[in-house]
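The first residue of the sequence shown is numbered 1, and numbering continues consecutively from there. Numbering of ligands and ligand atoms starts at 1, following listing order.
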Amino acid sequence: MTLHIPFDNSYALLPPQFYTRIDPKPVRTPRLLRFNTALADELGITPGPEAELTEVFSGNRIPDGAAPLAQAYAGHQFGGFNPGLGDGRANLLGEVVDINGHRCDIQLKGAGPTPYSRMGDGRAWMGPVLREYVVSEAMHALGVPTTRALAAVATGEPIYREQGALPGAVLTRVAASHIRVGTFQYFAARRDTDALRALCDHVLQRHYPQADGPDGLLREVAQRQAELVARWLSVGFIHGVMNTDNTTISGETIDYGPCAFLDAYHPQTVFSSIDSQGRYAYDNQINVITWNLAQFATSLLPLMPDQEAAVASFTETVHAVPGIAEAEWLRLFGAKIGLADPSEPDRILINDLLALMAEGRADFTNTFRNLARPEARDQFLDPARFDPWQIRWQARVAQEADWQARMDAANPAFIPRNHRIEQMITAAVADDLAPFHRLLDVLSRPYQDQPEACDLMRPPAPSEAVQQTYCGT
Ligand code: AMP
Ligand code: MG
């Protein structure tokens with residue numbers, strides 16, 4: 001059997017200002033670290049021998065039917081607009097239509113410099129590649145819309161970062177598309193209305209065939225992104241770099257750079273080393289997605305015939321975003337405490353728990369998972385502070401059928417904890433991939449009790465705790 005990827009490319013047919021055709025840059029001695037056979041099956045890809053997978057997913061060989069390119073885009077980074085970003089280290093090999101009829105991008109990340117690389121080397125080191133592999137696959141298993149990881153290949157070449165020389169790697173990422181808010185901003189900033197219209201038509205046909213024009217597109221993206229952020233909050237996820245170039249039109253989570261999951265709960269938690277203002281803190285994510293969607297609305301305005309009417313209608317759509325996210329938040333957190341149909345008074349009950357958790361430095365994941373078990377109160381610095389809340393909650397949940405099953409399906413036992421990711425990377429750099437494979441295995445069933453993996457449920461000891469995360473560029 002030889003590797004076969006049934007490419008069916010549509011982005012490459014868009015006008016030339018959308019991208020630069022460029023091949024991945026070959027690497028010295030590629031070595032396959034992992035190939036996601038289950039995902040390959042879903043994508044209709046026939047896997048070939050390891051040597052062939054290694055060649056193709058390192059970028060050393062262009063597979064039949066690929067049309068490699070780097071996409072152009074812009075973006076607001078930490079609030080400042082950069083009109084010219086683009087794929088500085090990514091290469092879109094092409095698209096496939098998966099066995100469910102969904103179109104998917106297949107992209108190499110860390111595949112060498114492009115015209116959009118600016119000062120960068122176009123490469124990635126093994127740490128962020130394995131981190132993205134594990135976290136994106138974990139998010140998928142948690143039920144959060146996300147890009148996926150198809151392959152990771154070590155390049156055999158050193159990458160130079162602040163820490164010194166590090167082993168290079170290439171990640172193969174799969175997404176419904178890599179089109180972002182920043183893709184629209186790129187053409188809006190150039191006043192290229194024809195390109196903007198072509199992009200809008202492409203996106204409507206590809207992601208939202210039921211939507212009507214830019215107005216309908218904005219509403220769809222607003223809905224998906226609001227729901228996505230509510231899902232992040234429900235699993236304790238902090239994206240860390242919610243720039244508009246990292247906000248997808250499909251509503252998938254993208255770009256696992258300085259992201260991290262909460263251990264001890266605190267709403268203002270920030271991990272990213274470059275987020276000194278806390279712009280992308282855990283509890284600011286609904287505000288930020290609303291702001292990002294306002295930028296999306298602005299980029300769509302040139303497509304609207306009546307500007308005044310469009311501003312009014314777009315404003316209404318953007319202003320509805322926090323309400324959509326809060327409603328989804330209530331549904332998700334309601335399920336986390338066992339409620340099928342939570343109402344506004346339940347919001348108070350949930351918020352009171354979160355306030356106690358913040359005060360008591362309770363572990364986010366373990367508190368919710370164990371809420372009905374004696375272990376719950378041990379999560380709090382002062383366990384007695386939890387008891388009155390537990391009595392209130394027991395009275396409320398007693399009115400519900402099947403609450404225990406609902407809670408077990410809403411509260412993961414396993415999340416990719418930061419300190420475990422760091423330990424996994426340290427091992428991988430020393431040529432031990434066992435922790436990487438084990439994490440992936442355990443995190444593929446996050447809602448199942450797995451007694452043999454109870455070490456992966458523990459929060460970090462003070463000496464293990466990760467204080468900061470890095471973009472990984
Ligand atoms: P990110 O922070 O990963 O979303 O990247 C922001 C921008 O920087 C994008 O245009 C990336 O393509 C670019 N970039 C990040 N890392 C590199 C790198 N090592 N070489 C070239 N461009 C990069
Ligand atoms: Mg990015």
Side-chain angles (χ1 to χ4, degrees), residues 18-20 22 24-25 27 59 68-92 105 107-133 135-136 146-147 149 155 157-171 173-186 189 225 228 238-250 252-260 271-276 279-280 288-289 292 295-296 468-473:
F18 278 63
Y19 51 79
T20 302
I22 184 169
K25 188 167 171 229
V27 300
L69 59 86
Q71 293 177 315
Y73 55 86
H76 277 93
Q77 300 178 301
F78 289 89
F81 186 63
N82 187 331
L85 291 169
D87 287 334
R89 56 170 165 168
N91 190 296
L92 180 66
D105 277 2
Q107 188 204 63
L108 303 184
K109 189 170 170 184
T114 76
Y116 313 107
S117 295
R118 294 169 291 154
M119 306 299 282
D121 59 4
R123 293 294 185 191
W125 77 274
M126 195 187 283
V129 165
L130 299 186
R131 186 183 177 82
E132 174 156 350
Y133 200 124
V135 182
S136 66
T146 176
T147 62
T155 61
E157 295 178 1
I159 300 294
Y160 298 96
R161 296 289 182 266
E162 301 94 271
Q163 306 95 306
L166 299 160
V170 176
L171 178 79
R173 178 160 78 177
V174 175
S177 82
H178 286 82
I179 301 168
R180 316 129 198 272
V181 167
T183 317
F184 283 81
Q185 291 181 295
Y186 181 85
Q225 284 289 345
L228 178 67
I238 304 165
H239 183 283
V241 61
M242 289 177 72
N243 294 332
T244 57
D245 53 303
N246 294 336
T247 301
T248 57
I249 297 305
S250 67
E252 291 177 329
T253 313
I254 197 173
D255 258 17
Y256 293 89
C259 67
F271 287 103
S272 170
S273 61
I274 55 172
D275 192 3
S276 53
R279 181 181 174 92
Y280 301 141
V288 171
I289 201 60
N292 287 358
Q295 309 317 309
F296 183 42
Q468 279 202 327
T469 52
Y470 300 89
C471 273
T473 56

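Here the side chain of R123 pairs a donor or acceptor atom with the backbone of G110 at under 3.5 angstrom. With N91 contributing its side chain and I22 its backbone, the two residues share a donor-acceptor pair below 3.5 Å. Side-chain N or O atoms of N82 include one that pairs as donor or acceptor with a backbone N or O of G84 at under 3.5 Å. Side chain of H239 to backbone of I254: a donor-acceptor contact under 3.5 angstrom is found.
Under a 4.0 Å criterion applied to the non-hydrogen atoms of R161, ligand 1 contributes the atoms 19 (N). Within the listing of ligand 1, atoms 20 (N), 21 (C) sit less than 4.0 angstrom from a heavy atom of G120. Residue contact check: L85 has heavy atoms under 4.0 Å from atoms 10 (O) of ligand 1. Interface atoms of ligand 1 facing D255, defined by a heavy-atom separation under 4.0 Å, are 1 (P), 3 (O), 4 (O). Near N246, meaning under 4.0 Å from one of its heavy atoms, ligand 1 places the atoms 4 (O). Annotation for ligand 1: atoms under 4.0 Å from non-hydrogen atoms of R123 are 19 (N). Listed by atom number, the atoms of ligand 1 under 4.0 Å from Y73 heavy atoms are 9 (C), 10 (O), 12 (O).
Y256 and T147 share no donor-acceptor pair across their side chains, judged by distance under 3.5 Å alone. Using modelled atom types, one finds no donor on one side chain facing an acceptor on the other under 3.5 Å when comparing Q225 with T247.
When you scan the N, O or S atoms of D255 for the one nearest the Mg ion (ligand 2), you land on OD2.
Ring centroid separation for the pair Y280 and F78 comes in under the 6.0 Å cut-off.
Using a 4.0 Å heavy-atom cutoff, G122 is listed among the residues neighbouring ligand 1.
Separating the CZ atom in F81 from the OG1 atom in T244 is a distance of 7.0 Å, to the nearest 0.5 Å.
Among the backbone and side-chain atoms of N243, no N/O/S atom is found under 2.8 Å from the Mg ion (ligand 2).
When A90, P128, A70, G86 are checked for heavy-atom proximity to atom 11 (C) of ligand 1, G86 turns out nearest. Among R118, K109, Q77, the residue whose heavy atom lies nearest to atom 13 (C) of ligand 1 is R118. The closest heavy-atom contact to atom 19 (N) of ligand 1, among the options D121, I254, D87, comes from D121.
Minimum interatomic distance between N292 and M242 (heavy atoms only, all atoms of both residues): ND2-O, 2.9 Å.
Geometrically, ligand 1 and V241 share no nitrogen or oxygen pair separated by less than 3.5 Å.
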